[in-house]
Each structure stands twice: as C-alpha cells, then as structure tokens.
*Asks:* 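Provided herewith is a single structure, encoded as structure tokens, for subsequent inquiry.
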Amino acid sequence: MLKDGMINIGLGILLSLSVISVNANEGKSYNTHQAVDSFIGEMANEHDFSVEELESWFDSAQKKQVILDAIARPAEKTLTWEKYRKIFVTSARIKKGVKFWKENQEILERAEKEFGVPAQIIVAIIGVETFYGKHRGKFRVIDALSTLAFDYPPRSKFFRRELKEFLLLSREQKQNPLDLMGSYAGAMGYGQFIPSSYRAYAIDYDKDEFADIWDNTEDAIGSVANYFKRHGWKPGEQVAVRSRVADSFDESLLNKSLKPSATVGELKQKGFTPVKAVNDNGSATIMRLEGQWGAEFWLGLHNFYVITRYNHSRLYAMAVWQLSNEIAQARKSS
C-alpha cells in the first residue's frame, strides 16, 4: 500500500525481504537531477522557499538503491497470512505491548475516552509499526522521499507530493529537513506517519505547542487515536468475525475489496455464515487468508476497513487486530 494515509515500515521486514542491488548512481546528489530543478522552482514560487536553501538541501540528498529495492518487494504482497502473522503477533511484541500500556495507561485511557478508539488498538498500531518506538526508521527522510520522487516512476507523482509535504512540515515544525529520520518510504515517528498524514492528523496532545510524534509518546498516542476517529472508527463495534462456508459459497466475493460492499445478510445468502452474532444489516467484506492450518474465512466489518486506512492491506489490519486482542488478554492476566 502506498496511498494517502500511513505506510508501515514493518520493523525493517520489507527491507530484509528485498534483494539489495548495486547501482552506479547510488549516493549521487539530487542537486544535479533534472527533475529537481522544476521541483525547486515550484517550491520557491508556490510556497516561498529560498532557492538557495532548497539547492543546499538537495545537494545533500542522496539516491538510495536499497530503498528502490525494498519498495519493489512489499511484504504484504509476498507473504501468506501464516508467515505475516508470525512476524507481528509474537510473544515479545505482546509482552512489550503490555509494558507500553502500563507505562502510558493514563494517556491511553484519556485518548480512548476522547476519541472512542480502544487503547488496545492504539497500542497494537504502535507495536506493529515501530515495536513501541524502538524501530522508527534508519533513513534520512529527505533521501527516502527524493529517491522515490525522482527515481521511482510508478509512484513518482505520489512521492513528489509527499516530498513537498515534508518540506512544508519541516518548516511548520521548525525542524531541519536534513536531520529527520524515518522509514524507507518516508514515514516517521512512533506511529509512522507519512508527511501528508503528519500535517493532517498529528496533534499536540500534551499542549506544549509542538505536535511531536517523533519522540513524544503522548502526542503519538493522541495522533493515532485522532487518525482513527477521523477515518470513521465506530466505538464499541466489532472488527472482524470468523466465517463458516457452505459447500456452494460464492468464491467471486473473496478478497474482492477492502471496503465493505455487502451486508452480512447478503453474505450469508452467498454461503458465508459468521461464527458469532453479527447484525445482518451491517456492512462487511469477505476474505480468505492462508493460515497455519489452511484457509481461513473472515468477515471484515466497518472497523476492519478503518484499520486498512492506516495501511491498505488486509494482512496488516488482521495483524493489528489480533495483536491488540492478545495484548489486552495478556494485560488482564498480568
């Protein structure tokens, strides 16, 4: 997934799966790149940036072939649910999640009350994205976004916009763009917000006049909760429900769309019966995931879809949801 919203760095999993190649232009300054001239002119004319300052930044920005290799082989497209789950729903991540929850209990309770997003979901998001802040990215954001904006044609338009958002963000937050670190795709902080999401959804939750999700857990927690509320999280509603399938179930409906496009009642008529009570009038999508014991069939409900707004992957959303349940259970037992 590389759309508006969030990009998951997966604790470096995507990088470890990529084939690292050598390129003659590796490390080459972007100040000599033809497309950068027009970009500099655009930023100067439309947003009143100094040409000299922009030239200085892009003289420092470097192409990173490892980033191009990584983005070409995303884990969400190469792993089965069985393998993906084993990466993210682990005893270490559950244990650390309980610790993070206890250390930030007051903030999480406040965020849940104010935004209607369960603390366990907020904790799980931060756990999947950065292992609770331990892995926030090892690339300079300006290198990552410049590489993808100017040397990755399939998504150059998107990443050029994100590079623009990044420079605007740096100016707004009074940060040196050469100092900020993030993922291979330019996502930053505890919750891995790309620049456009940072500007749109990050909040100053501790009221110190600085929305800091790079190093401030309170702002990070509030910002994740705000993101989910703004994307339509419905408090108290279910996320996903396991489904039984009839012998004559309609295979054409499986993994068709992340967005719920049918009612639960309609899916029942097509051969999919939830194992728990679900409102027949509620919207849902049906998916098949290849788990440890074979095919698993799930109804993804509205809140499942909301999780996919953070990362547009059903594997990601399922990992977040199941990790959140494991953390909540472990916390009760601790």
Side-chain angles (χ1 to χ4, degrees), residues 1-12 93 96-97 99-101 103-112 114-142 144-145 161-231 233 306-307 309-311 316 320 323-324:
M1 181 285 293
L2 293 176
K3 297 184 73 173
D4 59 327
M6 318 308 287
I7 300 178
N8 172 40
I9 68 167
L11 307 182
R93 210 176 300 263
K96 182 66 174 178
K99 184 174 184 291
F100 182 85
W101 193 333
E103 291 172 346
N104 298 280
Q105 182 170 331
E106 183 179 343
I107 302 166
L108 286 161
E109 288 177 352
R110 176 159 56 93
E112 181 170 342
E114 292 181 15
F115 296 97
V117 181
Q120 68 185 68
I121 292 291
I122 300 171
V123 173
I125 285 286
I126 294 174
V128 167
E129 291 291 343
T130 61
F131 203 85
Y132 313 101
K134 184 177 181 180
H135 304 291
R136 282 173 271 178
K138 61 181 182 180
F139 295 100
R140 288 198 312 172
V141 176
I142 196 165
L145 293 178
R161 288 198 306 267
E162 287 304 317
L163 181 57
K164 181 188 297 185
E165 294 279 351
F166 173 66
L167 294 177
L168 291 169
L169 172 67
S170 299
R171 183 168 66 182
E172 291 166 354
Q173 299 288 2
K174 298 179 174 57
Q175 300 292 309
N176 184 342
L178 301 182
D179 293 339
L180 297 174
M181 306 296 288
S183 76
Y184 78 96
M188 299 169 284
Y190 278 84
Q192 292 293 280
F193 280 33
I194 56 174
S196 59
S197 291
Y198 201 125
R199 295 186 71 214
Y201 307 111
I203 62 173
D204 172 21
Y205 204 42
D206 66 355
K207 308 301 180 185
D208 67 352
E209 301 183 354
F210 177 35
D212 175 17
I213 66 167
W214 289 291
D215 300 303
N216 186 319
T217 54
E218 187 166 354
D219 285 357
I221 288 168
S223 297
V224 170
N226 183 51
Y227 185 93
F228 272 82
K229 180 179 180 180
R230 294 275 297 276
H231 283 78
W233 183 271
V306 174
I307 298 176
R309 300 308 85 202
Y310 209 97
N311 181 307
Y316 176 87
V320 167
L323 176 63
S324 77

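Keep in mind that the numbers below use all heavy atoms, side chains included, and drop hydrogens, waters and symmetry copies. All residue numbers in this chain count up from 1 along the given sequence.
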*Asks:* Taking atom types as modelled and ignoring hydrogens, do the side chains of Gln192 and Thr130 form a donor-acceptor contact shorter than 3.5 angstrom?
*Replies:* no
*Asks:* At what distance, to the nearest 0.5 angstrom, does CG of Leu145 lie from NZ of Lys164?
*Replies:* 13.5 Å
*Asks:* Which atom pair, heavy atoms only, marks the closest approach of Ser223 to Ile213?
*Replies:* OG-CG2, 3.4 Å
*Asks:* Can you name the salt bridge (Lys or Arg N to Asp or Glu O under 4.0 Å) partners of Glu103, sequence neighbours left out?
*Replies:* Lys99
*Asks:* Can you spot which of Phe193, Tyr190, Tyr198 makes a ring-ring contact (aromatic ring centres under 6.0 Å, His included) with Trp214?
*Replies:* Tyr198
*Asks:* Please report the shortest heavy-atom distance between Gly186 and Pro195, naming the atom on each side.
*Replies:* O-CD, 3.5 Å
*Asks:* Considering the options Trp233, Phe115, Tyr201, which one meets the ring-ring contact (aromatic ring centres under 6.0 Å, His included) requirement together with Tyr227?
*Replies:* Tyr201
*Asks:* Might you point out which heavy atoms bring Ile126 and Gly133 nearest each other, and give the distance in Å?
*Replies:* CG2-N, 4.3 Å
*Asks:* Minimum heavy-atom separation for Arg230 and Ala200, please, with both atom names.
*Replies:* NH1-O, 3.4 Å
*Asks:* What distance do Glu162 atom CD and Ile194 atom CD1 have between them, rounded to the nearest 0.5 Å?
*Replies:* 4.0 Å
*Asks:* To the nearest 0.5 Å, what is the distance between CG on Asn311 and CD1 on Ile125?
*Replies:* 8.5 Å
*Asks:* Quick one: does Asn226's side chain have a donor or acceptor within less than 3.5 Å of a partner on Gly222's backbone?
*Replies:* no
*Asks:* CD1 of Ile221 to CD of Glu106: how many Å apart, nearest 0.5 Å?
*Replies:* 11.0 Å
*Asks:* Is a side-chain donor or acceptor of Tyr310 paired with a backbone partner of Val224 at a separation under 3.5 angstrom?
*Replies:* no
*Asks:* To the nearest 0.5 Å, tell me how far Ile203 CD1 sits from Glu218 CD.
*Replies:* 9.5 Å
*Asks:* Check whether any side-chain heavy atom of Asn216 lies under 4.5 Å from a side-chain heavy atom of Tyr205, and answer yes or no.
*Replies:* no
*Asks:* Rounded to the nearest 0.5 Å, what separates atom NE2 in His231 from atom NZ in Lys229?
*Replies:* 14.0 Å
*Asks:* Per the salt bridge (charged side-chain N to carboxylate O under 4.0 Å, His left out) rule, what does the pair list look like for residues 179-207, sequence neighbours excluded?
*Replies:* Glu165-Arg199, Glu172-Arg199
